[in-house]
Asker: 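Following this message is one structure expressed as structure tokens.
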2 protein chains.
Amino acid sequence: MSQQAGTRRRVGIADVAARAGVSLGTASKALNGRGTLREETRARVRAAADELGFAPSTVARSLLSGRTFTVGIITTDSYGRFSIPVMRGVEDSLGVGEMIAFLCDSRDDPIREAHHLRKLLERQVDGIIVAGRRTDPRPPLSENLPVPVVYAFAPSNDPEDCSVVSDERGAARLAVEHLVKTGRRRIAHITGPQSHAAARERAAGAADALAELGLAMAGEPMFGSWTETWGRFAAAQLLRGHPDVDGVFCGSDVVARGVTDGLREAGAALPMQVGVVGIDNWEVIAEAARPPLTTVDLGLEQLGHRAGDLLLAAIDGHPAPGVHVVEGHLVVRES
Amino acid sequence: MSQQAGTRRRVGIADVAARAGVSLGTASKALNGRGTLREETRARVRAAADELGFAPSTVARSLLSGRTFTVGIITTDSYGRFSIPVMRGVEDSLGVGEMIAFLCDSRDDPIREAHHLRKLLERQVDGIIVAGRRTDPRPPLSENLPVPVVYAFAPSNDPEDCSVVSDERGAARLAVEHLVKTGRRRIAHITGPQSHAAARERAAGAADALAELGLAMAGEPMFGSWTETWGRFAAAQLLRGHPDVDGVFCGSDVVARGVTDGLREAGAALPMQVGVVGIDNWEVIAEAARPPLTTVDLGLEQLGHRAGDLLLAAIDGHPAPGVHVVEGHLVVRES
DNA sequence: AAACGTGGGGAAAACGTTTTCTTGACGCCA
DNA sequence: TGGCGTCAAGAAAACGTTTTCCCCACGTTT
């Protein structure tokens, strides 16, 4: 139990072998369940390992096997609302395979990204996940990498790469269908900047869903920014142009929150007169809104989990190139 | 340039040596600037390495040196508002030392934490950073670890450990002083649950600062929860009990945002009649408030950076046990 | 001219595992 | 009784570096 006072050397498998009175190789086999050994011998080795608190060096093991059981996660926004749940899902998925992840924050800087990539390859990671903060497609990491790569949230613009994305159009459809189901008929759309693929996709999805239900959107989609300020402003403007609007689908929870405030302060009764639905399920925003926001959860954690699973499969030699879509789900609150 | 079509083996230093016509050891010395070699030889080896795209295997290097140039970050809330900037700072600090971090999310579960710890030690990390999501002291990771540990944000309750914390009382002081400087005299405090050390410390700091300025707090500190709903409710109640209040220091931006809404809707003119200051500088909250929130930034990224620096120093044999405090700074907006 | 120092570079050990190959003992069958 | 198959375990190679030790050739000094 007690450590020798002097140099505290790492206890290696050689120490275990010596204590159990067997050779080095035998100890290895005993601990890994390989080879043919007497059960009594195995037990003796295991006991010795326990007594010494032996933990095998992953480094030595990696050197031999060429596998490190590590992956790299390169994220463009560590701060982000989006990459965090994705990372959480990834970690969850990797954990079952006894893998562990290196975290690299590229901060949207290609130079930092290249630097991180080099570091990861030097460390011989078994695979890499690239998590973006916007849904817009991004250029691939590099050509001819020696390890598999999975793009999460922000897909690669090479369709041969493996990407996992959220179902933006489906999310818009869920939101619109909820509004219609709750009796809304004159539905407007207030969202973020048109330069963002997410805003465009959600607008298109909403238009499609409305059309299929035989409805027309109340006015054109209102593109602006992902801010509450824009939501408030747009809501007031909307009410002036379309006083009879009874539903607003917003491109994000932040916008939706601004919209609820804008509508309420312009005299609309929420949720009776106008229903509002957002996207993101960002709880600190959605729950504090008045009324608390009904919203679509994009399932980012599942997305990350899926990305991890796909990467593990690719590492095991079963790559699944192409774009994989993860569905979201509606979270009904009071708006 | 072009790869041989067959097995794509990793290019090792042996390949470089062969190409440069020198021995393995010489190649190593040339690339690492060790030993005494002719400059011409060094250049030849470097050229060969470049042509082959040689990248040394960190794994092999680690095996020999016993150092891996990796650290583990164990965080109790990957989702979190708090650990993210901390991690960002840590990564920043480590990057200059060519180190890289493993990310482990313990989700506040001691079992997961122990599991992650084991994984990290197996991988022979050079050090560990533990990042919490609350400022309350936490039990140390484990006794007698073979690597240095630095606690960030949530300190260890063993004062012999190395912890880095934010200056909660100082932050409260900054907020109160700002209110006083802008002419407020009847200042109240609305904050989160008394069970949180952060709420208690900030309240104590505010009381101290007011006392030093010869003022008394308007009423007792109002403890509640870290929500907007509580902020709104408390603001209305405050105005009933102390109609002449002209400043509110809030324990967080979320609470402060609720307070601004509550005050405004109770008829107070902001920021003329009542000044409000928060803590956190959570931009999405603070900037969307009306008026945009003046708040104290706790300097979490610097905190993380500091933690990284301290860990690197400890790894280099210069530990600095004890509690290290990082100062925040005021961010003046319009409230 | 012999001894010595030094610059330049090679050979081999070391790190801690896993895995393959080999060896020895024993039992069974002819 | 001899040969063969099998079970158990040891010996050694392998992974890709770094580093120590050693050697050789050359120039300098006495």
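Quick note on labels: first sequence line is chain A, next is B, and so on, each numbered from 1.
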Asker: Can you tell me if A:Ser57 and B:Gln124 form a side-chain donor-acceptor pair at under 3.5 Å?
Answerer: yes
Asker: Looking at C:dG16, I'd like to know if its phosphate oxygens (OP1 or OP2) sit under 4.0 Å from a side-chain N or O belonging to A:Ser57.
Answerer: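 No, because none of the side-chain N or O atoms of A:Ser57 sits under 4.0 Å from OP1 or OP2 of C:dG16.
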Asker: Please check this pair: side chain of A:Ser156 against backbone of A:Asp161, looking for a donor-acceptor N/O pair closer than 3.5 Å.
Answerer: no
Asker: Between C:dT17 atom C1' and B:Glu122 atom CD, what is the distance in whole Å?
Answerer: 13 Å
Asker: Taking for each residue the nucleotide of DNA chain D bearing the nearest heavy atom, is the 5' side occupied by B:Asn32 or by A:Arg44?
Answerer: A:Arg44
Asker: Would you kindly compare B:Leu63 and B:Ala27 by the position of their nearest DNA chain C nucleotide and give the one closer to the 5′ end?
Answerer: B:Ala27
Asker: Side-chain N or O of A:Thr41 less than 4.0 angstrom from OP1 or OP2 on D:dA9?
Answerer: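 Checking A:Thr41 against D:dA9: at least one side-chain N or O falls below 4.0 Å of OP1 or OP2.
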Asker: Regarding B:Val59, tell me which of base, sugar-phosphate or nothing describes its non-hydrogen contacts under 4.0 Å with the strands shown.
Answerer: nothing
Asker: Where the side chain of B:Thr26 is concerned, which of D:dT18, C:dG10, D:dG10 is the nearest nucleotide?
Answerer: C:dG10
Asker: Whole Å only: how far is the CZ atom of B:Arg42 from the P atom of C:dG7?
Answerer: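 Going from B:Arg42 (CZ) to C:dG7 (P), I get 13 Å.
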Asker: Rounded to the nearest angstrom, tell me the gap between atom CD1 in A:Ile13 and atom P in D:dG10.
Answerer: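 Computing the A:Ile13:CD1 to D:dG10:P distance gives 12 Å.
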Asker: In plain terms, say whether B:Glu113 and B:Arg138 are close enough for a salt bridge, that is, a side-chain N and a carboxylate O under 4.0 Å apart.
Answerer: yes
Asker: Check whether any side-chain nitrogen or oxygen of A:Arg34 sits under 4.0 Å from OP1 or OP2 of C:dT18, and answer yes or no.
Answerer: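 No, A:Arg34 has no side-chain N/O under 4.0 Å of OP1/OP2 on C:dT18.
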Asker: How many whole angstroms separate atom CD of A:Glu39 from atom P of D:dC7?
Answerer: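 Going from A:Glu39 (CD) to D:dC7 (P), I get 16 Å.
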Asker: For A:Gln124 and D:dT17, give me the distance from atom CD to atom C1', rounded to whole Å.
Answerer: 11 Å
Asker: Would you say a side-chain N or O of A:Ser23 is under 4.0 Å from OP1 or OP2 of D:dG10?
Answerer: yes
Asker: Decide yes or no, distance alone: a donor-acceptor N/O pair under 3.5 angstrom between the base of D:dG10 and the side-chain of A:Lys29.
Answerer: yes
Asker: Between A:Asp309 and A:Ser93, do the side chains contain a donor N or O and an acceptor N or O under 3.5 Å apart?
Answerer: yes
Asker: Determine whether A:Glu122 and B:Arg61 satisfy the following criterion, salt bridge (charged side-chain N to carboxylate O under 4.0 Å, His left out), listing intermediate values before the conclusion.
Answerer: CA-CA 11 Å; A:Glu122 267 177 13; B:Arg61 190 179 280 170; 5.9 Å; no
Asker: For the pair made of CG in A:Leu64 and C1' in D:dA12, what is the distance, rounded to whole Å?
Answerer: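 Whole-Å distance recorded here is 13 Å.
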Asker: Measure from the side-chain heavy atoms of A:Arg61 and tell me the nearest of C:dG9, D:dG10, C:dT18.
Answerer: C:dT18
Asker: What nucleotide among D:dT17, C:dG10, D:dT18 has an atom nearest to a side-chain atom of B:Phe54?
Answerer: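 The answer is D:dT17, which lies nearest to the side chain.
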Asker: When you match B:Leu37 and B:Ser65 each to their closest nucleotide on DNA chain C, which lands nearer the 5' end?
Answerer: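 The residue mapped nearer the 5' terminus is B:Leu37.
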Asker: Please give, in whole Å, the distance from D:dT17 C1' to B:Leu31 CG?
Answerer: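 Going from B:Leu31 (CG) to D:dT17 (C1'), I get 11 Å.
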Asker: Does C:dG8 have OP1 or OP2 under 4.0 Å away from a side-chain N or O of B:Arg38?
Answerer: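 Looking at the OP1 and OP2 atoms of C:dG8, neither is under 4.0 Å from any side-chain N or O of B:Arg38.
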